[in-house]
Structures are given as C-alpha cells and as structure tokens.
Amino acid sequence: MQMPAQIRAPSFVSTRRFFQQKLADLHKCNDLNQLRQLHALIYKFNLHKDPFVAPKLISALSLCRQMELAVSVFDQIPSPNVHSFNTLIKAYIRNSEPDKALELFREMRWSGIDPDSYTYLFFLKASTGLNFVKMIHAHVEKCNLYSDVFMPNSLIDAYSKCGLTGFIEAKMLFDVMEERDVVTYNSMISGLVKVGELTEAKKMFDEMPERDWVSWNAILDGYVKAGEMSAAFAIFEKMPSRNVVSWSTVISGYAKNGDMENAKILFDNMPVKNLVAWTIMISAYAEKGLAKEAIKLYHQMEDAGLKLDDGSIVSILSASAESGLLRLGKKVHQSIIRSRYKCGTLISNALIDMYCKSGSLNMAWQIFNTIERKDLVSWNIMIHGLAMHGHGQKALCLFEKMKEEGFAPDEVTFVGILSACSHSGLVKEGLHYFHTMVTDYKTEPQLEHYGCMIDLLGRGGHLNEAFRLLDEMPFEPNVVIWSSLLGACRMHNAVELAEEVLDQLVKLGPGIAGNFSMLSNIYAAAGDWGSVANARLQLRKTASKRASGASSIELNDELHEFTVMDKSHPKSDRIYQTINGLNQHLQRFAPNVVIAESPCF
DNA sequence: TTAGGGTTAG
C-alpha cells in the first residue's frame with residue numbers, strides 16, 4: 001500500500017536529519033551494530049571518500065576494534081592528507097599496535113607529507129621509553145610545533161612516565177613554560193607521585209590556581225600509592241565532589257593494603273560502577289587467591305552488561321596467573337571467544353602467561369602458535385613456561401627458533417633460558433648460555449642471572465663452583481640465592497655448608513620457616529638428631545611469628561592452599577604419604593631430586 | 001559553515 005505524500009515527506013526529512021546528526025557524532029560511535037548500519041549508509045551515498053567523513057569513520061571503526069575495515073576505508077581515500085594519516089595512526093595506537101602506527105608514519109613521510117603537532121601528540125601517548133620521547137621532543141623543537149599548551153603538556157606527561165631522569169626533563173619544561181593551565185599542573189602532580197615525591201606533589205597541589213576532579217584524584221592516588229590510607233581517606237572525604245575515579249582509587253588502595261572488607265563496602269556503596277571499578281575488585285580478589293569471590297563478582301559484572309576491554313582482560317588474567325586461578329582465567333578466555341573480541345598480541349601474551357602459571361601448558365602452547373604477530377614478550381613467556389614445567393630442552397629449542405625468526409634475546413629471555421637449564425639439570429648448556437649472553441649479546445648479567453647459575457651449579461652438585469660464583473658476582477646475594485644454596489646443600493647432604501648458609505639467611509631478616517625445615521632434614525639425613533630437635537624448635541618459633549609463603553592449586557572449583565608445617569588440609573595424611581612415596585621412588589632413579597620436604601612433624 | 005589533541009583509577 002502506498003503512503004500519502006504528506007506522511008512520507010517528513011519521514012524522509014527526519015531520516016536525513018537523523019543521518020546528518022549521526023555523521024556529526026560518528027567518530028564517537030562505539031556501538032558496533034549502529035556503526036554497521038551507518039557504514040552501509042555511508043557507502044551507499046559514496047561518502048566514504050569525503051575528507052570529513054572518512055577520518056570519522058576510521059575513528060569509529062577503531063573504537064569498535066574493526067581495524068581491518070578502518071584500514072580499507074583509509075586505502076580508499078584518493079589522496080590522504082595529514083589529518084587522514086593522523087586518524088589511522090591514532091587508531092593503531094588505540095588498538096595497541098604502535099608498530100603499525102610507526103610503519104604508517106614512514107609511509108606518510110615517503111608520500112611527502114610532513115607530520116604536524118597532532119601526529120606527535122598521538123605518538124607521545126603511546127611512548128614508553130625516554131629515548132623515544134627525547135627524539136619526538138627534538139622534532140618538535142626543530143619544527144617549532146609549540147602552537148599552544150597541548151604540546152608541552154603532552155611532553156611533560158610523556159617524560160614524567162620515564163622515571164626520575166624523565167621527570168627532570170619534565171620539570172625543566174614546566175619551569176620555562178610561559179602559559180600553564182590546570183592540565184600542566186595535573187601532569188606535574190601525577191609525575192611527582194610516580195617518582196615518589198609526595199611532599200612536592202602536595203605542595204604543587206596546594207599552590208595551583210584552580211583544581212578540578214583530576215587534580216584531587218591525582219593527589220588522592222599519591223596518598224594511596226604511599227600506603228597512607230587514613231590520609232587518603234581524609235582527602236576523599238574532603239573533596240568537593242567525587243567521581244568514579246575517586247571511588248576506584250580509594251577502593252584499590254584498601255584492596256592493595258589487604259583490607260578487602262573496606263574495599264567491598266566502598267565498592268557496594270559507590271554510585272556508579274564502571275569497567276575499571278569492577279576490574280579493580282575482581283583482580284584484587286583474584287590476587288589474594290579468593291577464587292569464589294572473584295568469580296561471583298565476575299558473573300555480576302557480566303550480568304550488569306559490561307564488556308571487557310584490553311585493560312580489564314590483562315588485569316584479571318594477570319591476577320589469575322599470580323594465584324593460579326585457572327577457572328577465572330578460563331572464564332575470561334571463554335568470554336573473549338564468545339564475544340569474538342579481536343585478540344591482539346597483548347591479550348594473547350596474558351593468556352599464555354595465565355595458562356603457563358596455572359599448569360595448562362598445552363593450552364598455552366596452542367595460543368602461542370596462533371599469535372599473528374609474536375613479539376619478544378610472547379617468546380619470553382613461552383620459554384619461561386616451558387622452563388617452569390621442567391621442559392628444559394624444549395625451552396632451548398624454542399630459543400633457537402626465536403633467534404631464527406629474527407628476535408634478539410634480552411635479559412628476560414636469558415633468565416628463562418638459565419632457569420630452563422637449572423630446572424632440567426643442563427649444567428653444560430647453562431654455562432654455555434651464561435657465557436654467550438655476555439660475548440654474543442652484550443647483555444650484562446644481573447642478580448637474577450647469577451641466581452640461576454648458582455642454583456644450576458648447586459643442584460648439579462658443583463657446590464664449590466656455586467660458592468665461587470657467589471663470591472665473584474658484583475651483587476650482594478639475596479634471600480632467594482641463599483635459599484637455593486640451602487636447597488643444594490640439602491640435596492647433597494653438605495651439613496657444614498648448610499649451617500653457614502642458614503647463618504647468612506638469618507642475618508638477612510626474620511627467619512623463613514621453610515629454611516629451618518630444610519635444615520632439620522639435612523641433620524636428619526646425617527643422623528644428627530640433637531640438631532634436628534634444635535632446628536625444629538627454631539622452626540616452631542619462626543612459623544608462629546610470621547606467615548610463610550603458600551602454594552595453592554585450584555581443583556574442582558575449590559582452592560587448596562599449603563604452607564610449611566601445614567596439616568590443616570582434610571587429606572593431609574594422604575598428601576604427605578604420596579610425597580614420601582614419590583621421593584622414595586625418585587631416590588632410586590634420580591638421587592639429586594627432591595619433590596618436597598617430607599613432613600617431620 | 002562542517003576534522004584530529006593534553007591530565008586522574010584497572
């Protein structure tokens with residue numbers, strides 16, 4: 001049936017008006033379904049080549065993580081200008097692909113287009129290293145791109161994220177600025193907070209001419225980061241008004257200080273909860289190994305209709321990895337698959353790390369093999385994962401493959417390689433790699449590398465060489481290194497050396513229950529029962545004074561936790577029986593390996 | 001009368 005003309009006309013006008021309105025706000029559109037409709041209309045009216053519409057469309061597509069479509073829109077712009085290039089550069093940076101942004105930057109230069117202040121502002125937002133910021137700063141100076149306060153503000157922010165040396169540069173810029181605004185002061189306050197200069201930050205906060213929410217939140221964060229929760233809460237109460245960031249800052253402060261009760265009370269009472277707020281709470285529960293609470297909150301977040309983003313995924317996954325909460329990690333992974341969220345390298349790396357640390361090496365390996373663009377971090381995580389689970393040879397193979405694919409190892413890679421050798425008893429190989437890291441890769445060994453080598457030599461029974469390296473290294477040995485030596489003494493029944501090592505450990509701080517337990521076993525193996533009794537007495541004193549480290553494993557939705565001297569688990573007798581059985585079995589086939597200390601108590 | 005920008009919490 002045909003509609004009367006007078007009815008059809010207003011409908012057409014309102015559709016056009018609606019479309020025009022949508023085009024004006026196109027770059028802010030983050031709803032994929034709505035964007036799909038607009039995308040179709042834009043192509044229908046051939047507007048995708050319009051120099052004003054195309055960048056907006058690219059921006060919206062990048063917000064909805066449709067980078068392939070964004071690139072295809074860019075490719076159809078007849079002769080892209082600096083603004084079009086900037087929009088795609090920003091899109092890449094927003095989607096955690098700074099390498100592609102740099103490639104595009106080079107392409108822009110080859111096309112004869114000069115970057116403008118916007119180009120550098122986008123790169124400053126993504127930059128992490130001091131040298132990179134200095135390079136941009138030099139370009140900005142050379143081309144005199146200081147048209148307004150945005151550029152120096154951006155430089156101050158980027159510099160102050162590069163540690164103390166960077167902050168000194170930021171301060172120099174601040175001092176010579178003729179015109180400062182509230183953002184300049186805010187950037188300086190957050191910079192001071194980052195380098196731990198809370199007193200100076202507070203001074204600047206008190207001196208600044210005007211304050212908005214950001215200033216209050218930045219100084220609030222300063223007190224939270226310093227662990228001064230009562231001062232932080234006093235500021236929180238004193239603020240003229242609070243937004244979701246203020247609430248989240250205080251909540252994360254309580255959570256980090258172990259006060260989950262107050263964190264939860266505030267979380268329940270905050271007027272508006274956004275993705276970050278939920279992420280803070282879920283990650284905090286996960287970090288503390290409180291699986292049930294973390295998962296319950298995760299479901300509530302999903303029910304509230306919130307969708308994960310890169311930040312929340314990485315945060316929850318790394319918290320799950322820390323405590324080995326496989327079930328929560330898997331839930332996040334399933335959500336990613338279900339929502340067809342495009343997994344970048346960052347997320348894939350976080351997933352691999354979570355699966356490695358939760359013991360699902362196969363899943364980690366599967367994801368590792370499907371990453372489109374592996375970076376050094378991906379290789380490092382996988383090498384560490386293999387090393388951690390005793391697959392020393394496989395870790396070394398992967399290291400060789402990584403080099404074949406053109407990646408240069410860094411100091412983190414070598415920690416993985418050396419620990420792979422030490423966990424698999426590959427003494428010769430370990431010595432070889434320790435040597436080549438200096439000669440071939442010009443990487444100066446750090447305390448961690450010496451630690452791996454001392455552990456490797458000690459486990460392998462080369463106790464004298466281990467002690468020699470300990471004397472020669474240019475660092476003071478820490479608790480980890482002394483503890484690994486104590487373990488080596490235990491393995492090779494070196495009673496006198498063990499006593500020396502324990503003396504050093506006691507000097508370093510409050511006794512660690514595990515070490516006395518190990519010493520008592522060394523005495524027991526040597527048949528010195530008087531000393532066994534003494535060591536056990538020390539152990540009881542230590543264990544009652546101080547919470548010792550715990551191991552945990554999640555089985556059938558339940559978290560089981562174990563500490564030294566712990567017999568609280570309902571199946572404790574069976575567990576220790578199994579450990580003893582395994583140790584006896586191992587002593588026949590591999591006399592140098594001990595799974596865990598047998599219970600003496 | 002049409003574009004893109006800087007600061008705070010995960």
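Model, not experiment: these values are computed from the prediction. Every chain is numbered from 1, with letters handed out A, B, ... down the list of sequences.
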Which one, [options], comes nearest to the side chain of [X]?
X        : options              : answer
A/Phe52  : B/dA9, B/dG10, B/dT2 : B/dT2
A/Ser190 : B/dT7, B/dG4, B/dA9  : B/dT7
A/Asn274 : B/dA9, B/dG10, B/dG4 : B/dA9
A/Val244 : B/dA9, B/dG4, B/dT7  : B/dA9
A/Val276 : B/dA9, B/dG4, B/dT7  : B/dA9
A/Ser187 : B/dG4, B/dG5, B/dT7  : B/dT7
A/Lys161 : B/dG4, B/dG10, B/dT8 : B/dT8
A/Asp157 : B/dT8, B/dG4, B/dG10 : B/dT8
A/Lys90  : B/dT7, B/dG5, B/dT8  : B/dG5

Do A/Trp216 and A/Phe205 have ring centroids that are under 6.0 Å from one another?
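Yes; A/Trp216 has its ring centre under 6.0 Å from that of A/Phe205.
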Working for salt bridge (charged side-chain N to carboxylate O under 4.0 Å, His left out), residues A/Lys264 and A/Asp259
CA-CA 9 Å; A/Lys264 184 67 168 50; A/Asp259 186 351; over 6 Å; no
Sugar-phosphate, base or nothing in reach of [X], heavy atoms under 4.0 Å:
X        : answer
A/Asp181 : base
A/Val149 : base
A/Ile251 : nothing

Rounded to whole angstrom units, what separation is found between the [atom1] atom of [X] and the [atom2] atom of [N]?
X        : N      : atom1 : atom2 : value
A/Lys225 : B/dG10 : NZ    : P     : 5 Å
A/Lys256 : B/dA9  : NZ    : C1'   : 9 Å
A/Tyr254 : B/dA9  : OH    : C1'   : 16 Å

Under 3.5 Å, is there any donor-acceptor pair linking the side chain of A/Ser248 to the base of B/dA9?
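Yes, the side chain and the base share a sub-3.5 Å donor-acceptor pair.
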Under 3.5 Å, is there an N or O donor on one side and an acceptor on the other linking the side chain of A/Asp116 and the base of B/dG4?
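Donor-acceptor pair under 3.5 Å: yes.
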May I ask you to evaluate whether A/Lys56 reaches the phosphate of B/dT2, defined as a side-chain N or O under 4.0 Å from OP1 or OP2?
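No, no such contact exists.
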Which pairs count as side chain to side chain donor-acceptor pair (under 3.5 Å) when at least one residue sits in residues 187-204 of chain A, sequence neighbours excluded?
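Pairs touching residues 187-204 of chain A that pass the test: A/Lys202-A/Asp206.
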A/Asn380 vs A/Asp410, side chain to side chain donor-acceptor pair (under 3.5 Å): CA-CA, chis, key distance, verdict
CA-CA 9 Å; A/Asn380 284 351; A/Asp410 67 355; 3.2 Å; yes
side-chain contact (heavy atoms from CB on, under 4.5 Å), paired with A/Met108, selected from A/Asp114, A/Leu88, A/Ile113, A/Asn81
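Answer after filtering A/Asp114, A/Leu88, A/Ile113, A/Asn81: A/Ile113.
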